[in-house]
Every structure is written in structure tokens, then in C-alpha cells.
Number of protein chains: 2
Amino acid sequence: MKIIFTFQPKEEFVSDLKNSFPEVGFLFYKKIKEAENELPNAEVIVTMGEDLTDDHIEKSANCRWIMVTSAGLEKMPFEAIKKRGILVTNARGIHKIPMAEFTIGLMLQYAKQLQSVWKQESDNVWSRRLPTSELHQASLLILGAGAIGGEIARLAKAFHMRVVGVNSSGSPVEHFDSMFTLETFTEQLPHADFIVSVLPSTAKTKHLLKVEHFEQMKDTAVFINIGRGDLAEESVLLEASGKKLIGHMYLDVFEKEPLPKGHPFWLNKGITVTPHLSSITKKYMPRALDIFKKNLTTYSKKSEGYINVIDAERGY
Amino acid sequence: MKIIFTFQPKEEFVSDLKNSFPEVGFLFYKKIKEAENELPNAEVIVTMGEDLTDDHIEKSANCRWIMVTSAGLEKMPFEAIKKRGILVTNARGIHKIPMAEFTIGLMLQYAKQLQSVWKQESDNVWSRRLPTSELHQASLLILGAGAIGGEIARLAKAFHMRVVGVNSSGSPVEHFDSMFTLETFTEQLPHADFIVSVLPSTAKTKHLLKVEHFEQMKDTAVFINIGRGDLAEESVLLEASGKKLIGHMYLDVFEKEPLPKGHPFWLNKGITVTPHLSSITKKYMPRALDIFKKNLTTYSKKSEGYINVIDAERGY
């Protein structure tokens, strides 16, 4: 069996795979272009998910399984895949740990006013008069209650926060005290100390947040967006910040990334820009390949119970 | 019944106390000196714990209960109190929430390299190449496994850390995976990613940590001291940092506070100074007075079950 990687993992992962599956012929290419001649022989393709085209699927006449080592599937040629009945699995779920830690880290750093503490420290100033607060019994509204939102909620409950969530159905989710929908969540805005969005970009979520939503929030509220950059128009975020409608914004995602030099977000005191950091972790590849290895064992045994099977019809 | 406060709480607390206990005559003084004439009439004295002397105890001939609205008891005249058999209670336990949040906040801000992120942000630099890590499955060694250490451990377990603790007996404590004593903990030093001390100052803990202990730690380890400043001599901390024996130190407590201007700790890149912030919270006084009110109800009813009774013999 030949398995083609359309990216080059580090040597430690390569040798781990070869040792774990000595019967498999692994072929590693830096990019799909270099792999094209071997595609017809590949039984399995492992990809980061942004390089496959209809043409590649057609060439891969013997392909029976595509493993996507990310969670993003927007660029996958699902029409061609569906016709051929190729199994698709991805690395869904591996983002939740770094993203939840990042979110709690931002909330704590705001509550403990650590940016001011580091400023004081660099000035050698000993001052204990900082408006610090606690996560304890503060209210958290999470837009998006999937794997990532659920992990944020689980940690927030450990800090004894009140946690309200938003999903499409409004039905109960573990670790959330109560749930609302995209149609009903606005009534929760006046109660939240922290509002975190992990929403994906869909027709319903694009430019969902308007200035009127920020007007309903507490003037001390902290808004954190680690979902998608098109949740609110840039002009909305700038107006909300300019009018000091809330306490602070942490923006990790943007309509255009990287955020250009000189963009007003960089310069606005009420906005902290982070460069799409929330999911970055050294453990990304080990976790993605761990899912791949488990699925490869299932595949080799012609067994059942694949992790993260994607429905090519729905695209997720 | 007359109750004397040797400090002046904010008006909201004063009116809450008067409304809750209309039968009590509360007298509030800014300092004990102003209260001296009334001491002989006081049945209860409420103090921050640093102002009472043998002389005051002698004057307070009718005093039957002293409520200390802090956790520190080092300056209490326990000999005189013991002779008179006066009940002493304190506000032990109210520090655990802010101190545990502060500690997890520091660990996350280190793991996510947030100090570098804010530097990049102020320079308008979009760079995702930061050596970030996770708390997930990292190892935490907590010196001191009382209320504060236990709360840090509880939160650390929510982050799926491995948590090892140190107490005087080495016997099991909830939320800790395993326990060691001050005599046996050094074997754990090579395994810890984070070492947090919440130890009090005692004959056994004073200058406990030597350079050889830092030599045994991982060169990536992070040391956080929120306990007492005399856990290690300043020269030890400076040598450990100067030799880059570990990754970073966060020092919140010092042998002399405030830390003087120009002190090498301020200037050392491997040391971050925070001005004894860990327990600071807006909720301090509400929590301390909540304990006082519960105990006052017990006292008024001549009932039993006081919260936080201090053994005047042992001093804690």
C-alpha cells in the first residue's frame, strides 16, 4: 500500500510512521505538484487540506481515503470526492486545547491587568493599585458551542464562572449553564462580562455583530474573537471601540490576514491584536498524526470506527 | 454588645453590618490608637491583625472574641490572648481564589508567550513564530498544599496538568496526583515544568531553596513564588537566573517590600517582578466580612461552629 503525503512532516514523525507501519510505503512530498506522478498509485493521500483539486482526484484513480491533517475543509473538492466515494477524515477537535487555553489566558491577563503590570515592571514601579478582578462568578457568553466552545466552557466552569452558550438549536450542551440561538442570544449581551466568539464563517454568522449589539453589552465587557474575522465588519468594531461601548477587544482573526501595517486595529488602545495565534501549538502535528495513525490501523484491518469521518455531501 | 473595629471599612460594609445586626453597637476607628479609650468596653475586636499589643489585650478587659480580617497572624500577641482565653478567628481561605487565578494566569501568559505578543503588538508586527506551549499535560510542582495550593492544584487538574504537591506529612491531598515532604521533594525537581511556592515563612522554609535545587530543575522550568520572600536568599535567585539554570522566574514576594528601585530583580531579564499582587482582589473585604458576619451570628446565638478558629497555643 502506498500512502502519499503532500507536505513534509519533521523527521521524528516520518520515522515514527515508518516504524509503526513497516508494511506501508510512505512517500513524502513538499507540495502536491511534486507528488503528481505518484498520485495514480496512491491508496491514501494525506494533505493539509488546501491543495487538492478536481484534477488531482481524477488522477488518483486508486485513492480510497484522504486524511486532512487540519480542521479546515473549505477548499476540498467534495463534488469529485463524492462521485468516487472516497473516504475523507480530518483532524477536527485538535484545536480545542490550545484555543481554550489561549482564551482563558486572555481573560486572566485582562482580569489581572497583566499588561499594566508588565508596563510597571519595565518602569521599575512597585504599585499595587490596579483595577484587578476575578473570573470567579463572572459571566461568560460563548458564541459557538462545538468542541472549542465546549472546552472553553469546561475550563470556565472550573473557575466557577457563569457560562451561557449559543448554538443553532439552543439545545443543552455539557458545561454550559444555559443555551441560546443566534436569534435569541442578544438578550444575554447585557449580562456578560466576557463575550467569546468561536463561530465559523457561514451565511448566518457573516457580519452578525452590529454596533447595536455592542451597545447592549456592559461598558466593562471584554470581547474576544478567535472564530472568524468576518463576524463583524471592521467599521463596526472600530465604532464600538471608538465610542468605548465596551471595556476591551481582543481580536485574533481578521477579514484580511495578516493584518496590514498601519491598520487602525493596531493603533486603537481599546483593541488588542493577536496574529491568529489561538490554535498554534507545538502539539499540532503529533495530535493530527495520532488521529491519522489510529485511522490507518482501522483501515489496515479493514475494520470500522474511523475518527472524524467527513460527509462529502455536507462538507463537514 | 459593643464591637470595635480598628480600621474603617467602606460605607457600604458599615451599613450592611448595622442593618444585619441592629442590636449591636458598632464603633469604627481608623486606627487602634483612636480606639484605646473604648477598648475596656469592647466585647469583640475586629482587626486587620497587625496592630494589637499585649497592652491592648490587657486594656480590653471585657473582650471575648478577636476577629482578624486577614490570614496573617505573625504579629498577634498570642501569649496575652491565651492567658485570657479569648477566642480568635481569622479570614483564612479567602486568598485562595485570587491567588490561584493569579498563578494560572502567570502560567498561561508564559505558555502563550503573551509578553512577547504585546511587544509585537506595540510594534505592529504580525508574527506567528513564537515558542508557545500548553499547560495540557505539563507538570506542576506545588510547594505548600493547603487551601491555596489545593485551589491551584484543582484548577491545574482542569487543564489536565500533572500535579505534585509538598506538605509536612506527605500524605494525600485532594487534586494532587502525588505528595512529597520538604525532605523528599527534591527528587521531583527534574520533572517539573512549573514550580509554584505558596509556603509560609517558618524555620523549615526560610532559605529552603538553594542554587543546587535550581540546578536540578529543567532548564525550561518556570518558578513562581507567591508564598514568602524568604524562601530563597536573593543571591540564590540571582545566581540561578544569571546562570540561566531555568527558563523564567516570577517573583511576587520579597524579603523586603516594596522592592527598592534599582534592585537587580527589576533589571534581570530572567526575572519578572510583580508587586505582591497575587491576593489582591476587590472581593477581599466582602469575603472577610462574610466570615465575620457568620461568626457573629454564631456568637450572638451562643451557638457553636465558628469558622476559622485559631489555636492561640500554636498560633494558627
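The figures that follow rest on heavy atoms only: side chains count, while hydrogens, waters and symmetry mates do not. These numbers come from a predicted model, not from an experiment. Here is the naming used below: chain letters follow the sequence lines, and residue numbers restart at 1 for every chain.
At a threshold of 4.5 Å between non-hydrogen side-chain atoms, the residues A/T132 and B/K282 do not count as touching. Using a 4.5 Å cut-off on side-chain heavy atoms (C-beta onward), A/Q109 and B/K112 make no contact. The side-chain heavy atoms of A/H276 and B/W126, taken from C-beta on, include a pair separated by under 4.5 Å. Residues A/E121 and B/T274 form no side-chain contact, since every pair of their non-hydrogen atoms from C-beta on lies 4.5 Å or further apart. Side-chain contact between B/I104 and A/F159 is present, with at least one heavy-atom pair separated by less than 4.5 Å. At a threshold of 4.5 Å between non-hydrogen side-chain atoms, the residues A/V117 and B/T272 do not count as touching. In this structure the side chain of A/L108 reaches within 4.5 angstrom of the side chain of B/L108, judged on heavy atoms.
Ranking A/K157, A/K283, A/K261 against chain B, the residue ahead of the rest is A/K283, based on heavy-atom pairs under 4.5 Å. Note: A/E257 leads A/E257, A/E151, A/M107 in heavy-atom pairs under 4.5 Å with chain B.
Using a 4.5 Å cut-off between heavy atoms, B/L155 touches chain A through its side chain atoms alone. Only the side chain of A/L114 has a heavy atom closer than 4.5 Å to any heavy atom of chain B. Proximity to chain A involves both the backbone and the side chain of B/V273, based on heavy atoms less than 4.5 angstrom apart. Looking at B/F254, the atoms closer than 4.5 Å to chain A (heavy atoms on both sides) all sit in the side chain, from C-beta outward. Contact of A/H160 with chain B is made through the side chain alone, with heavy-atom distances under 4.5 Å. With a 4.5 Å cut-off on non-hydrogen atoms, B/S122 does not touch chain A at all.
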message: Walk me through whether B/E134 and A/K96 qualify under salt bridge (Lys or Arg N to Asp or Glu O under 4.0 Å).
response: CA-CA 12 Å; B/E134 296 181 0; A/K96 71 177 188 178; over 6 Å; no
- prompt: Going through the checks in order, is the side-chain contact (heavy atoms from CB on, under 4.5 Å) test met by B/N124 and A/L267?
  reply: CA-CA 8 Å; B/N124 291 14; A/L267 309 169; 3.7 Å; yes
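Between the side chain of B/R128 and the backbone N or O of A/L277, no donor-acceptor pair lies under 3.5 Å.
Pairing each heavy atom of B/I97 with each of A/H136, the nearest pair is CD1-NE2, 3.3 Å. Taking each heavy atom of B/A158 and A/A158 in turn, the nearest pair found is CB-CB, 3.6 Å.
When the shell of 6.0 Å around CZ of A/R287 is examined, it contains more than 12 heavy atoms from other residues, nucleotides or ligands.
Ring geometry, A/W118 versus B/Y250: the interplanar angle falls from 30° to 60°, so the pair is classed tilted.
Interatomic distance, B/I280 CD1 to A/Q113 CD, rounded to the nearest 0.5 Å: 12.0 Å.
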